[in-house]
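Presented below is the structure to which this report refers.
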Amino acid sequence: MKQNSDTVSAERIEIRCCHDETDAANLDSTKNPRSQESHPEREILFVLSGKIDFLLDGRIYSAAPGDAFFINRWIPHQCDYGTIKTDFRHIWIHFHEKRLFGVFCLNRHSQHSHRMLNWEHSGHLLGLLNERWDRALLEPGSSPARQEIYLSIARILAEEIDYFSAHEPQEVRSNPEQIAAWIKNHISIHYGRNASMTELEKLTGFNRFYLMRLFKAEYGMTIGEYINCVRRGFVAGAAKNLRQKEIAAMLGFKSAAAFWLWKKRDRAGKH
């Protein structure tokens with residue numbers, strides 16, 4: 001299959017080393033005060049090309065091609081995409097409830113974009129990978145046994161991505177069902193942040209009325225209703241792990257007061 005620098009293939013996913021928050025190698029020796037995010041879903045970051053600094057649990061990794069970062073539930077992390085000036089290609093794998101999907105991130109000539117690529121994997125695969133991840137956590141941090149389990153997960157995902165690259169159209173712009181799925185994934189990943197109709201128009205290239213019709217036809221609810229569903233789910237699990245100010249920021253509210261106003265209106269709307 002002919003490829004260019006903007007496409008993804010498992011042939012290019014060469015895993016050199018897997019990291020998690022217990023890994024003491026390749027780290028800055030001091031804690032970093034930069035803001036981080038945390039959430040109830042697991043994620044994996046594959047670095048395909050380019051070099052970046054990746055903040056995981058308060059420490060800075062010098063991330064390079066071949067690195068894979070395993071980010072467990074509620075582990076703080078941050079990539080600071082908006083400030084990275086170098087070119088890179090990343091794949092993020094998101095472990096959401098009953099859903100496993102991937103997003104391709106491209107930074108070219110200092111212009112960052114989340115490409116409209118979708119990999120929706122089966123719930124059976126999600127269960128298998130979560131089981132392996134749980135098994136890895138029973139092994140000592142940075143141990144060869146944990147590393148080998150992580151590598152097995154990475155290999156399975158690389159094979160899956162290779163299959164999608166070979167058999168599925170990578171761009172979803174001409175497929176209404178996939179456009180709706182991309183919007184759903186975007187909202188799920190960001191918990192409603194950067195998901196205004198203005199943002200979605202800019203990200204997809206389609207006008208809001210077309211996007212609203214597509215989404216409602218595919219999922220039986222409006223984009224705003226789905227954003228509220230995602231926010232409710234996040235709030236339910238975040239109370240024991242984050243402060244109110246942090247929850248508000250993760251959901252895209254400018255202040256804790258705005259977050260409380262949303263909660264009040266949301267409760268009223270359900271009665």
Side-chain angles (χ1 to χ4, degrees), residues 18-23 34-46 54-59 68-81 90-103 105 114 118-138 141 146 149-150 153-154 157 181-195 219 221 223-253 256 258-260 262-263 266-267 270:
C18 298
H19 309 277
D20 64 14
E21 74 280 2
T22 67
D23 190 358
R34 234 164 58 196
S35 63
Q36 301 174 88
E37 66 175 50
S38 59
H39 40 69
E41 293 83 24
R42 287 169 163 168
E43 292 177 332
I44 300 175
L45 166 61
F46 291 121
F54 183 62
L55 190 60
L56 181 62
D57 202 23
R59 294 185 178 275
F69 293 89
F70 283 68
I71 306 157
N72 203 10
R73 302 178 181 96
W74 298 114
I75 296 299
H77 58 281
Q78 185 57 262
C79 207
D80 265 2
Y81 275 139
H90 292 169
I91 292 175
W92 283 89
I93 304 295
H94 299 273
F95 289 60
H96 282 237
E97 185 179 3
K98 300 180 181 179
R99 295 173 61 222
L100 179 69
F101 59 91
V103 174
C105 293
H114 290 265
N118 271 341
W119 300 288
E120 290 280 351
H121 305 286
S122 73
H124 297 296
L125 181 60
L126 174 64
L128 169 66
L129 298 185
N130 268 322
E131 181 182 333
R132 290 199 182 187
W133 197 323
D134 291 339
R135 197 186 317 158
L137 297 180
L138 298 176
R146 182 180 286 201
I149 297 173
Y150 281 159
I153 294 172
L157 287 168
W182 187 90
I183 293 171
K184 183 179 182 182
N185 290 345
H186 178 80
I187 293 168
S188 298
I189 293 166
H190 299 286
Y191 306 99
R193 303 190 314 273
N194 305 319
Y219 299 113
M221 65 175 71
I223 291 173
E225 287 169 343
Y226 183 68
I227 289 173
N228 285 335
C229 285
V230 170
R231 285 173 169 172
R232 286 186 214 113
F234 183 86
V235 171
K240 296 180 180 179
N241 297 277
L242 301 176
R243 296 173 297 176
Q244 293 296 307
K245 184 177 180 180
E246 292 171 324
I247 294 174
M250 282 292 297
L251 297 181
F253 294 102
F259 166 58
W260 279 106
W262 168 80
K263 284 187 69 174
D266 189 56
R267 289 196 200 101
K270 290 191 292 184

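- For the pair A195 and I187, the tightest heavy-atom approach, listed with the atom from each and the gap, is CB-CG1, 4.0 Å.
- L45 pairs by the side chain to side chain contact (heavy atoms under 4.5 Å, CB included) definition with V47, F54, F69, Y81, H90, W92, not counting sequence neighbours.
- Taking CG of N241 as the start and CD of E246 as the end, the distance is 10.0 Å to the nearest 0.5 Å.
- Not a single ring-ring contact (aromatic ring centres under 6.0 Å, His included) links F46 to another residue, sequence neighbours left out.
- With sequence neighbours left out, R99 forms a side-chain hydrogen bond (donor to acceptor under 3.5 Å, both in side chains) with N185, S188.
- Scanning both residues, H77 and I75, for their nearest heavy atoms gives ND1-O, 2.9 Å.
- For E43, there are no salt bridge (charged side-chain N to carboxylate O under 4.0 Å, His left out) partners two or more places apart in sequence or in a different chain.
- Listed by chain and number, the residues in a side-chain hydrogen bond (donor to acceptor under 3.5 Å, both in side chains) with R42 are N72, N130, D134 (sequence neighbours excluded).
- Remark: A238 engages W74, F234, L242, I247 in a side chain to side chain contact (heavy atoms under 4.5 Å, CB included) (not counting sequence neighbours).
- Residues satisfying the salt bridge (charged side-chain N to carboxylate O under 4.0 Å, His left out) test with R73, not counting sequence neighbours, are none.
- Proximity of E41 to H94: side-chain heavy atoms (C-beta onward) are nowhere separated by under 4.5 Å.
- Although no hydrogens or angles enter the test, the distance criterion places no donor-acceptor pair under 3.5 Å between the side chain of H39 and the main chain of I189.
- Taking E225 as the reference, nothing meets the salt bridge (charged side-chain N to carboxylate O under 4.0 Å, His left out) condition, with sequence neighbours excluded.
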Quiz item: Are D20 and R146 close enough, and set up right, to give a salt bridge (charged side-chain N to carboxylate O under 4.0 Å, His left out), and what steps lead you there?
Solution: CA-CA 10 Å; D20 64 14; R146 182 180 286 201; 2.7 Å; yes
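- For the pair W133 and F70, the minimum side-chain heavy-atom distance is below 4.5 Å.
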Quiz prompt | Test side chain to side chain contact (heavy atoms under 4.5 Å, CB included) applied to F95 and I44, step by step | solution = CA-CA 8 Å; F95 289 60; I44 300 175; 3.7 Å; yes
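- For the pair L157/L129, a side-chain contact is recorded, criterion being any heavy-atom separation below 4.5 Å from C-beta on.
- In this structure E37 satisfies the side-chain hydrogen bond (donor to acceptor under 3.5 Å, both in side chains) test together with R193, sequence neighbours excluded.
- Atom CZ of R231 is separated from atom CG of L251 by 6.0 Å, given to the nearest 0.5 angstrom.
- With sequence neighbours excluded, the residues satisfying side chain to side chain contact (heavy atoms under 4.5 Å, CB included) with L128 are L125, R132, I156.
- One finds the CD atom of E131 at 10.5 Å from the CD1 atom of I149 (value rounded to the nearest 0.5 Å).
- How far CD1 of I93 is from CD1 of I71: 11.5 Å, rounded to the nearest 0.5 Å.
- Every residue two or more places apart in sequence or in another chain that forms a ring-ring contact (aromatic ring centres under 6.0 Å, His included) with F253 is listed here: F259, W262.
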